[in-house]
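The next block holds one structure in the form of structure tokens; read it before the comments.
First the proteins, then the strands, lettered A, B, ... as listed; each starts at 1.
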Number of protein chains: 2
Amino acid sequence: MLASVNEWTSVRGQAQDNRQSGSATLQEVARAAGVSLATASRAFNGSATRTVRPDLRERVLAAATALNYTPNANAQAMARGTTNLVGLVVHDIADPFFSAIAAGVMRAADEHGLIVTMGSTQRDPAREVEYVAALRQQRARVLILAGSRFADGETSERLGVEVAAFQAAGGQVAAISQQKLPVNTVVVGNRSGAAGLATTLHGLGYRSFAVLAGPPELLTARDRLAGFRAGLAKVGAELPAGRVVAGEFTRDGGYAAMSELLHRGTDATCVFAVNDVMAVGAMAALRDHGVRLPEEMAVAGFDDIVTLRDVTPALTTVRVPLEDLGVWALRLAVQPPADKPRTQRIRGEVVIRESTPDRSS
Amino acid sequence: MLASVNEWTSVRGQAQDNRQSGSATLQEVARAAGVSLATASRAFNGSATRTVRPDLRERVLAAATALNYTPNANAQAMARGTTNLVGLVVHDIADPFFSAIAAGVMRAADEHGLIVTMGSTQRDPAREVEYVAALRQQRARVLILAGSRFADGETSERLGVEVAAFQAAGGQVAAISQQKLPVNTVVVGNRSGAAGLATTLHGLGYRSFAVLAGPPELLTARDRLAGFRAGLAKVGAELPAGRVVAGEFTRDGGYAAMSELLHRGTDATCVFAVNDVMAVGAMAALRDHGVRLPEEMAVAGFDDIVTLRDVTPALTTVRVPLEDLGVWALRLAVQPPADKPRTQRIRGEVVIRESTPDRSS
DNA sequence: CTGTTAGCGCTTTCAA
DNA sequence: TTGAAAGCGCTAACAG
């Protein structure tokens, strides 16, 4: 995992060269400019209070250019006691859901002159904890936990401890998904979105539903299922037993869940996959089993993944502004710490497309 | 861009608290364990030569746990003169091409105990240069440049200078795509892949082609076009004038290019989009213009993006092992530096699917 | 095997 | 406005 860099330490150790050879230091720049170390430093960081005579400043900057000087961020971090590192923890960077969020985080980080480091946990809560620990070690200034919290109580607690330690060390934190930790959170309206989807589908004339529900330990999956149920209840419909199939939160998970449902035999006419990626897998399964889309089975997803907008039939879904989620999370985290963690709620917007044609007329 | 963190510096500055409050130091651990600083250090980094008496070591570790101690990576970087940071520069992290590569890099980095930081340039070569500079400032140990090099001579040169500076500072570098810099490179067989695709399509009975060629400044786009041409030439076919349309390297770029081709009017029966993302856009355009797929127009792409495997009709393409590209790049970069940059070539594999049915029979 | 000590490169008092 | 000097937390000689 995130262990042992010893092999490497020794490799460089051989050179007996402790300095980063090749990089000029501020000291050298100062000497070249004929000023003191302090003055050289001020020439770069000069604020209102600590200013440098213009000509000296010029000389320092010139010397820096000549020597191809770049400040050593690690040294700055030491001296200042703070870094400009953002740690982003995602479940799976190859999943378009997370890469969209990452794009948002990176864009916002850029605006603040922050550098983004990233860890992909492969949906393993234990690795989430490991990454947070690694980020604490890096003295990252900001930690962003993207993606569903887990139902797993044991590692959730360990995560809580680790996050608290991160905060105790002066780091700022934001989470995206559920408000399960005492940190700033961008809360996604999974329940409301799924409920809205359910009622909309009902309005379209669908009466018999099934749900490909994702892994039960993912709170996001649970919430979407619960929301869908609630939405159906509101219009007097329901989800009979045997109509909910769990599966991985991936394309293949959707494929497998749909296959199982088909295997069981079902009279559902509309299936809700709790995310778009699963929905696409479900569509493939339906096709492979000779079920016509959307005539024999309507399909809906959740997220409105951009890359998936071109599947056919076009997928009905709940749009979530994924990139914005990332932007907001960073902004929340970057605000001067308040006494209370902040919460920002976003609601998904139901988008009806061809995969769920109107049956009411 | 990657500028000004001064707002922040001042925010923390208010606190007048230079220490990362909350984090215990090795010194404190040593004191708590009743040993010297050096011994405490050895207890953690203990190698064959520098060992610590077991009981002392125990005491140190216990104290560390009690104090919730984590080494300060910045301080270690300073003292050791080297970090464990990998800087990955991509064109667009939201593009599945790059998120797949990123997944590979992160997986491989994990194996080596390295932390990955990432920058997304939005295909702007100038920002590529900026990121490399930022990574030099971080004293990253490894730099991975993923994605096509540019035809733009001016910024290419600036990139070369910056990369050289990075190397001069002791960093290791690897690129993915074309061998255009004196660094380790995973070379993608764009030409051979596109050529193979062309001959295969010809073998399938297609005779009249068009190409959605991507932006001319991207070498990857150029190479794929050139390869396709070469492949056609080999079987005595060709690409008449007006059959090549440039476009952005994105879904919308593919859509626009295809629309333009349709607008111009064409008698091509098979269109090659130089990447899958564009191909999907092209399919959407064809559909919107009422052209039946694949009967009236066959479509082929390049890359074999996993997320896009479920479009219909299934897309003929050239498979590139994207995640492996990332893994190999990191491994190349992490090897002890040699006198010569290493090169690793990978060939794409033509995958025929429904979007280009056999017309030869 | 353990402790002392000298840095790593930079920021920031504190005096001048 | 400038300079001297004291750290920031840790590693790695160098002596014991």
message = Does D:dT11 have its OP1 or OP2 closer than 4.0 Å to a side-chain nitrogen or oxygen of B:N45?
response = yes
task = Measure the angle between the two terminal helix axes of the helix from C:dC1-D:dG16 to C:dA16-D:dT1, five base pairs each, and quote it to 10°.
result = 40°
query = Rounding to a whole Å, what distance do you find between B:Q27:CD and D:dC8:P?
reply = 10 Å
query = Between C:dG9 atom C1' and B:R136 atom CZ, what is the distance in whole Å?
reply = 15 Å
message = I'd like to know if the side chain of A:T155 reaches the main chain of A:A126, judged simply by a donor and an acceptor atom lying under 3.5 Å from each other, with no hydrogens or angles considered.
response = no
key: Atom CD of B:Q27 with >12 non-hydrogen neighbours under 6.0 angstrom   = yes
task = Between A:G34 and B:L26, just flag the one whose closest nucleotide in DNA chain D comes earlier from the 5' side.
result = A:G34
inquiry  = Between B:A75 and B:V35, which residue's closest nucleotide on DNA chain C lies nearer the 5′ terminus?
reply    = B:V35
ask   = Looking only at side-chain N and O atoms, does B:T39 come under 4.0 Å of OP1 or OP2 in C:dT2?
value = no
task = Could you state the atom-to-atom distance from CD of B:E28 to C1' of D:dG7 in whole Å?
result = 15 Å
request  = Tell me what B:L56 touches on the nucleic acid: a base, only sugar-phosphate, or nothing, going by heavy atoms under 4.0 Å.
outcome  = sugar-phosphate
key: Separation of atom CG in A:N72 from atom P in D:dG9, rounded to whole Å   = 17 Å
request  = List the steps, then state whether side chain to side chain donor-acceptor pair (under 3.5 Å) holds for B:N68 with A:R136.
outcome  = CA-CA 11 Å; B:N68 200 5; A:R136 174 156 73 105; 3.0 Å; yes
query = Distance check: side-chain N/O of B:R53 vs OP1/OP2 of C:dC1, anything under 4.0 Å?
reply = no
message = Just the rounded figure in Å: distance from P of C:dT13 to CZ of A:R80.
response = 13 Å
query = Tell me: CD of B:Q138 to C1' of C:dC10, nearest whole Å?
reply = 14 Å
ask   = Has the side chain of A:R59 got a donor or acceptor atom sitting under 3.5 Å from an opposite partner on the base of D:dT2?
value = no
request  = Measure distances between side-chain N and O atoms of A:R42 and base N and O atoms of D:dG3, and say whether any donor-acceptor pair falls under 3.5 Å.
outcome  = yes
message = I want to check one thing: is the phosphate of D:dG3, taken as OP1 and OP2, less than 4.0 Å away from some side-chain N or O of A:S36?
response = yes
query = Which residues pass the side chain to side chain donor-acceptor pair (under 3.5 Å) test with B:S156, sequence neighbours left out?
reply = none
key: A:S41 vs C:dC10: side-chain N/O to OP1/OP2 distance below 4.0 Å   = no
query = Are OP1 or OP2 of C:dG9 and a side-chain N or O of A:Q76 less than 4.0 angstrom apart?
reply = no
ask   = Separation of B:M78 atom CE from C:dA6 atom P, in whole Å?
value = 18 Å
ask   = Is the shortest heavy-atom distance from the side chain of A:T121 to the side chain of A:V90 under 4.5 Å?
value = no
Heavy-atom donor-acceptor pair, A:T185 side chain to A:I176 backbone, under 3.5 Å = no
key: side chain to side chain donor-acceptor pair (under 3.5 Å) partners for A:R149, two or more places apart   = A:E128
key: Given C:dC10, D:dT2, C:dT4, the nucleotide with the shortest approach to the side chain of A:V52   = D:dT2
ask   = Side chains of A:R141 and A:T83: is there a donor and an acceptor less than 3.5 Å apart?
value = no
query = Starting at CG of B:L37 and ending at P of C:dC8, how long is that distance when rounded to a whole Å?
reply = 17 Å
